[in-house]
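Here the structure comes first, spelled out in structure tokens, and everything after it is commentary.
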Amino acid sequence: NFDGFGFVAAHAAVDATGLDGKRVLLVGCGGAGSAIAASLVQEAEIALTLCDIDHDRAAAFARRLAAFAPAARIETTPIPAGAFDLVINASTAGMHPGDPSPIPAETVAAATTVADIVTVEDTALKRTAAELGKRLVVGDAMVAGQISLFRRFLLGAARTERDALKAKDA
């Protein structure tokens, strides 16, 4: 699963300040959200707060993630609110026309960078981020960050995701 690596690449293209020291809110602990969280705690020293509509799922994932990255600062919250440098929607919430944003406007306003990984072009979260002048990471940018990794993995000598990251494009 290259979702996490693709997200890190997409974030780097939008925010040159990097991830170290950032307070990050990640909404959605499913497949893509889990991969993004794993890559984030491997790539940088961050304070990661996980939120999922199923708080028990978020708590269980936080425990698995802490075992994977024991030095990481990880907590959970039942409500996606607070002050964060980076807020990420990795859930399906908000992707249908008329859906509300999965992250409150006050939380978006306090952030420097907002990410909405759904590939739907127009969402309430993307509109709020644009209205507030926030840096925005979108799902299509995450997919673009995955393309060369996929090629290295599927057509090259790479046997693992990490091997694909180390390989050079042909």
Side-chain angles (χ1 to χ4, degrees), residues 1-53 55 57-59 61-66 68-95 99-146 165:
N1 183 330
F2 289 98
D3 288 336
F5 302 121
F7 179 83
V8 169
H11 178 270
V14 169
D15 184 354
T17 66
L19 290 162
D20 276 332
K22 299 277 171 83
R23 296 163 298 149
V24 179
L25 170 66
L26 176 72
V27 176
C29 295
S34 297
I36 291 168
S39 288
L40 289 173
V41 298
Q42 279 189 312
E43 295 295 322
E45 290 185 26
I46 63 169
L48 178 62
T49 301
L50 302 171
C51 182
D52 194 274
I53 194 165
H55 189 67
R57 176 163 92 162
F61 175 59
R63 288 189 296 276
R64 289 192 315 275
L65 190 58
F68 170 73
R73 294 178 292 157
I74 303 163
E75 61 183 41
T76 63
T77 183
I79 301 169
F84 301 93
D85 302 300
L86 169 62
V87 295
I88 306 165
N89 177 36
S91 74
T92 58
M95 68 185 296
D99 281 357
S101 174
I103 301 172
E106 299 79 21
T107 302
V108 174
T112 304
T113 305
V114 175
D116 194 353
I117 70 159
V118 299
T119 55
V120 175
E121 188 172 320
D122 181 43
T123 67
L125 178 57
K126 290 174 185 173
R127 285 191 305 275
T128 300
E131 289 166 5
L132 294 170
K134 303 300 177 178
R135 285 180 250 177
L136 184 60
V137 179
V138 295
D140 291 343
M142 187 178 91
V143 172
Q146 296 170 321
L165 286 171

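Along the sequence shown, the residues carry numbers beginning at 1.
- Between the side chain of Asp52 and the main chain of Cys29, a donor-acceptor pair closer than 3.5 Å is present.
- The shortest side-chain heavy-atom distance between Ile88 and Leu25 does not fall under the 4.5 Å cut-off.
- The distance from atom CG of Leu26 to atom SG of Cys51, rounded to the nearest 0.5 Å, is 9.0 Å.
- Checking side-chain atoms of Lys134 against main-chain N and O of Thr128 turns up no donor-acceptor pair under 3.5 Å.
- The two atoms that bring Ala37 and Leu50 nearest to each other are CB-CD2, 4.3 Å, heavy atoms only.
- The shortest distance between side-chain heavy atoms of Phe7 and Ser39 does not fall below 4.5 Å.
- Considering NZ of Lys126 and CG of Asn89, their distance stands at 9.0 Å, rounded to 0.5 Å.
- In plain terms, the two heavy atoms of Ala32 and Ile117 that are nearest each other are CB-CD1, 3.7 Å.
- Contact check for Leu40 versus Val24: side-chain heavy atoms found under the 4.5 Å cut-off.
- Going from atom CD1 of Ile74 over to atom CG of Leu65 covers 3.5 Å, rounded to the nearest 0.5 Å.
- Residues passing the side-chain hydrogen bond (donor to acceptor under 3.5 Å, both in side chains) test with Arg127 are Asp122, sequence neighbours excluded.
- The backbone N or O of Gly30 lies less than 3.5 Å from a partner atom in the side chain of Ser34, making a donor-acceptor pair.
- Summarising the geometry, atom NE2 belonging to His11 is positioned 6.0 Å from atom OG1 belonging to Thr17; distances are rounded to the nearest 0.5 Å.
- Contact between Leu19 and Ala44 at its shortest, heavy atoms only, is CB-CB, 3.5 Å.
- The line from OG of Ser101 to CG of Asp116 is 7.5 Å long, rounded to the nearest 0.5 Å.
- A salt bridge (Lys or Arg N to Asp or Glu O under 4.0 Å) check over residues 69-87, counting only residues at least two apart or in different chains, returns the pairs Arg23-Asp85.
- Rounded to the nearest 0.5 angstrom, Phe84 CZ and Leu48 CG are separated by 9.0 Å.
- Residues Asp20 and Ile46 form no side-chain contact, since every pair of their non-hydrogen atoms from C-beta on lies 4.5 Å or further apart.
- Put simply, the side chain of Val114 reaches to within 4.5 Å of the side chain of Leu125, judged on heavy atoms.
- With contacts defined as side-chain heavy-atom distances shorter than 4.5 Å, the pair Thr113/Val137 qualifies.
- For the pair Pro102 and Pro80, the minimum side-chain heavy-atom distance is 4.5 Å or more.
- Judged as a salt bridge (Lys or Arg N to Asp or Glu O under 4.0 Å), and not counting sequence neighbours, the contacts of Lys22 are Asp15.
- With contacts defined as side-chain heavy-atom distances shorter than 4.5 Å, the pair Val118/Thr123 qualifies.
- Within a 6.0 Å radius of CD1 in Ile53, no more than 12 heavy atoms belonging to other residues, nucleotides or ligands are found.
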